[in-house]
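One structure below.
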Amino acid sequence: MSEHRDEARAAETAEAEQPLVEVTNLAKAFSGVEVLRDIGFAVPSGSVTVLIGPSGSGKTTVLRCLNALETGDAGTVRIGDVGVDYSAKPAKRSLARLRSQSAMVFQAHNLFPHLTVLRNITEGPIVVQGRPAEEVEAEAHRLLESVGLAGKADQHPYQLSGGQQQRVGIARALALDPQLLLFDEPTSALDPELVGEVLGVMKDLAVQGRTMVVVTHEMRFAQSVSDQVLFMDGGVIVERGEPAAVLTDPREARTRTFLQRVL
Ligand code: ADP
């Protein structure tokens, strides 16, 4: 009896300790040109991983393969209990299941200009997920409040600043109730004075225990908020570790050169 209980407990512990995200041997080429090679990493539940690296190093493609906006040529991606093996050419349905595990916040706000802020947030959950409108709208109001935009529900995107639009983008991603949030340079299209308000919301999400993978050039954010930094160059992960190690005491010459340029 007790042996069984021990086994059950061991299984539970193993499950609890399993990272939310696991990527192995991910590879991708565009028109025969290799842009990702042997990418592997894990993201523990409730942690923040930041991807850094020069332009063209493959950071966005990693994010896009995580949520199947792009299909890898080889390798596996697992988020929660949904995994795909890109080598096995997964069916559309498998890719759709993987996509439903995460939500992406893009570089430039890509809100629908003709819809109100509220509709921008509620469209996905109502139309794609088929959830009841009333419940989704109530949740959208709560999310708007949480990103500091209570009272903006009926405005249109053009009436908001870039930083406010990006915060709507974050609320829209949250409304999908994803296990994983993906951010693709969420502040790089913003005027400098608007960057802080968006990073502030992202920091709040991290503190709340959201699991996040963030592509960013904001090294201070990486330093203070992330649990793990991955430095990419030429389609591979060159160096990885805790932010204090990678950002302040990098082992690799390529990491040092990159950091000297951006810091
Ligand atoms: P990063 O996010 O680090 O700037 P990307 O992942 O956007 O890098 O791009 C990695 C490489 O893949 C670049 O050389 C880029 O030009 C190329 N690439 C990205 N997307 C496509 C695409 N859809 N078609 C062809 N090449 C692409």
Side-chain angles (χ1 to χ4, degrees), residues 21-43 48-77 79 84 86-87 89-90 92 95-96 98-99 101-110 162 166 169-170 173 180-190 192 195 198-199 202 211-223 225-226 228-241 243 246-247 250 252-263:
V21 180
E22 250 174 332
V23 178
T24 63
N25 302 109
L26 180 64
K28 173 75 181 170
F30 288 112
S31 320
V33 179
E34 192 177 54
V35 298
L36 296 181
R37 180 159 40 94
D38 195 18
I39 299 290
F41 62 93
V43 182
V48 178
T49 292
V50 164
L51 288 181
I52 61 170
S55 178
S57 57
K59 306 179 299 294
T60 295
T61 308
V62 169
L63 282 193
R64 292 172 64 85
C65 289
L66 276 178
N67 82 341
L69 275 176
E70 203 71 75
T71 52
D73 298 333
T76 65
V77 172
I79 304 174
V84 300
Y86 280 126
S87 314
K89 304 283 169 258
K92 275 201 175 130
L95 297 174
L98 180 67
R99 184 165 310 148
Q101 297 291 88
S102 65
M104 177 103 85
V105 177
F106 296 89
Q107 177 171 25
H109 61 86
N110 59 346
Q166 240 356 15
I170 294 173
L180 173 68
L181 286 170
L182 305 172
F183 292 84
D184 190 5
E185 297 196 30
T187 59
S188 59
L190 296 178
V195 168
V198 174
L199 294 180
M202 291 168 64
T211 314
M212 299 163 41
V213 178
V214 182
V215 172
T216 186
H217 293 293
E218 295 290 338
M219 295 302 149
R220 275 176 44 201
F221 174 85
Q223 182 79 261
V225 177
S226 78
Q228 160 176 244
V229 174
L230 309 178
F231 169 68
M232 289 187 67
D233 196 13
V236 297
I237 297 174
V238 172
E239 185 160 358
R240 68 181 76 208
V246 176
L247 300 177
E252 302 290 331
R254 277 198 277 177
T255 318
R256 280 197 292 276
T257 308
F258 171 74
L259 290 172
Q260 275 158 12
R261 263 188 283 134
V262 297
L263 287 176

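Values reported hereafter were calculated over all heavy atoms of this structure, with side chains retained and with hydrogens, waters and symmetry mates removed. Quantities reported herein were computed from a predicted structural model and do not represent experimental measurements. Counting convention: from 1, in listed order, for ligands and their atoms alike.
Side-chain atoms of I79 and L98, non-hydrogen and from C-beta on, do get closer than 4.5 Å to each other. The shortest distance between side-chain heavy atoms of V62 and F41 falls below 4.5 Å. Inter-residue side-chain proximity for L51 and V214 is flagged as unmet; no heavy-atom pair is nearer than 4.5 Å.
Applying the salt bridge (Lys or Arg N to Asp or Glu O under 4.0 Å) criterion to R64, with sequence neighbours excluded, gives E70. The ring-ring contact (aromatic ring centres under 6.0 Å, His included) check on Y86 picks up nothing, with sequence neighbours excluded. Scanning for salt bridge (Lys or Arg N to Asp or Glu O under 4.0 Å) contacts around R240 gives an empty result, with sequence neighbours left out.
When heavy-atom distances to ligand 1 are checked against 4.0 Å, the residues falling inside are F30, V35, P54, S55, G56, S57, G58, K59, T60, T61, ordered by chain and number.
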